[in-house]
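Below, chains carry the letters A, B, ... as their sequence lines are ordered, and counting in each starts from 1.
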There are 2 protein chains.
Amino acid sequence: MENSVKNEVTDKYSLRGRVFNRIREDILNGKYSENEELREVAIGEELGVSRTPVREAFRQLELEGLIQIIPNKGAYVTGITKKDVHDIYMIRSLLEGLCARLATEHITKEALEEMEENVYLAKFHGEKGHYEQVYELDNRFHEILYEACDSKILEHQLKDFHQYVLRVRKKTLSNSGRGLKSNEEHAKILEAIRNKDGELAERLANEHIKKAYENIVKIGVI
Amino acid sequence: MENSVKNEVTDKYSLRGRVFNRIREDILNGKYSENEELREVAIGEELGVSRTPVREAFRQLELEGLIQIIPNKGAYVTGITKKDVHDIYMIRSLLEGLCARLATEHITKEALEEMEENVYLAKFHGEKGHYEQVYELDNRFHEILYEACDSKILEHQLKDFHQYVLRVRKKTLSNSGRGLKSNEEHAKILEAIRNKDGELAERLANEHIKKAYENIVKIGVI
DNA sequence: TCTTGTGTTATTGTATACAATTATACGATT
DNA sequence: AATCGTATAATTGTATACAATAACACAAGA
């Protein structure tokens, strides 16, 4: 959020930036499990750097909520609880709706075209059962939407939440026919945006996230 | 938010935590102006610590969006643009509504009582023209609301946004009769919550934030 | 056996030293 | 005078050394 309202993590190339991204990925991809303790030296050695950049990365990860630092004790991977997921989807539902409505007014021709291509491709892969591709395309669809709303702040918020529930999402989309269903909903949102119907886009995006959550609960991945 | 989603900044007592809070306050209170460069040694000397905790604090402040770090160059205070304020209020309006609705279900008797006291006191100070107290009470009202929704994540988000627009808010409330108007709206929200009318509370909280924004624009503090 | 105390080890917190990068000053060249 | 290049200084990036704290093992006493 924090929070983290405005800036991206600046540096992809500094040691700190690389360490930060690496640990973040490792947590989200499940390499480090819940409550696992992260030791500065161990991670430093693994990545071939000293403790300093690792520590700085830790401080950032803490603000992102991915680890919890207990002073003089250690850094622990925070779990994501059922309630967290519930709350995030509740918030996301609202903000994603707002985002879709704003996108209706501000989306560029290029973004609209990428969306159309995205939906078209996702249908193909969904029918073939290519879960990995469906997952990637689903992510990308939302990213396009976020970027199209023309609000850095809203975009940042939504990307954060999106990232945060990555683990859960991955499981959901590689399961069941949710991938296809989800894509059909994308298509409808896209159409509303294309028709400049902001209110409809808002409502559809709203419902889309709610359904995604219902599916998560149904499948029982959390 | 980062996104700082879950944890508070853990440590009030470590050097890093103190440095972080100090710089944060100084930025929000306007001690450091927009685009000002923050130098590690200078701040370290001012607070009597070495560069290390200062650097760690910088990394966190960057994620909070309060400063921007340009690699190998420096840390610069980020301004808050007109559009930022607009976007934040738009988002806050939605989330504050959600928060009020949730609070209707989860608020404790103690919190409800503190709210009532808050509104009562604010009326008194508002009529007397005690702007500083009105400002503090207004802040506190929202904090109580955030804590009452029983969602750590939503609470955290809203507190972040609230903090972020602090400068603007202060100017608004010490100006005009907005303080009293605002308090009347608080009273209505409180009543809706007391009556367990979640939908009404949501709508009122929604409008409350929108009006606060309209007032900011009208007064022209940004 | 359980508890408690103490010394040891491991780990984080902070300071500092050195390296890399960037900004600045200033003179040479045109 | 303006521009470029180079040397110098200032600043950040990283590594490491030392201090403070917490975790652990193990023995002494009840």
- request: Would you indicate which nucleotide in D:dT14, C:dT22, C:dT14 comes nearest to any side-chain atom of B:Asn72?
  value: C:dT22
Nearest listed nucleotide, side chain of A:Lys73, among C:dT11, D:dA15, D:dA23: D:dA23
message: Report for the helix from C:dT1-D:dA30 to C:dT30-D:dA1: angle between first-end and last-end helix axes, five pairs each, rounded to 10 degrees.
response: 10°
[X] [atom1] to [N] [atom2], straight-line distance once rounded to whole Å:
X	N	atom1	atom2	answer
B:Ile70	D:dT12	CD1	P	12 Å
A:Ile69	C:dG13	CD1	C1'	12 Å
A:Glu56	C:dT14	CD	C1'	13 Å
A:Arg55	D:dG13	CZ	C1'	16 Å
B:Arg16	C:dT12	CZ	C1'	11 Å

Carboxylate-amine/guanidinium proximity below 4.0 Å for [X] and [Y]:
X	Y	result
B:Lys159	B:Glu143	no
B:Lys211	B:Glu214	no
A:Arg140	A:Glu114	yes

- request: Report yes if a side-chain nitrogen or oxygen of B:Arg59 is closer than 4.0 Å to either non-bridging phosphate oxygen (OP1 or OP2) of D:dG13; otherwise report no.
  value: yes
- request: Using side-chain contact (heavy atoms from CB on, under 4.5 Å) as the criterion, point out the one residue from A:Leu61, A:Ile67, A:Asp26 that pairs with A:Leu38.
  value: A:Ile67
field: Main-chain N/O of B:Leu28 paired to B:Tyr164 side chain as donor or acceptor, under 3.5 Å
entry: no
query: Is B:Thr104 reaching over with its side chain to a backbone N or O of B:Ile193, donor-acceptor style, under 3.5 angstrom?
result: no
statement: The salt bridge (Lys or Arg N to Asp or Glu O under 4.0 Å) partner of B:Arg51 among B:Glu45, B:Glu40, B:Glu56 is B:Glu40
- prompt: B:Val217 versus B:Tyr89: any side-chain heavy-atom pair under 4.5 Å?
  reply: no
message: Near DNA chain C, counting only heavy atoms under 4.0 Å, which residues of residues 38-52 of chain A show up?
response: A:Leu38, A:Arg39, A:Glu40, A:Arg51
message: Does the structure place the NZ or CZ of A:Arg55 under 6.0 Å from the centre of the six-membered ring of A:Phe58, at an angle of no more than 45° from the ring's axis?
response: no
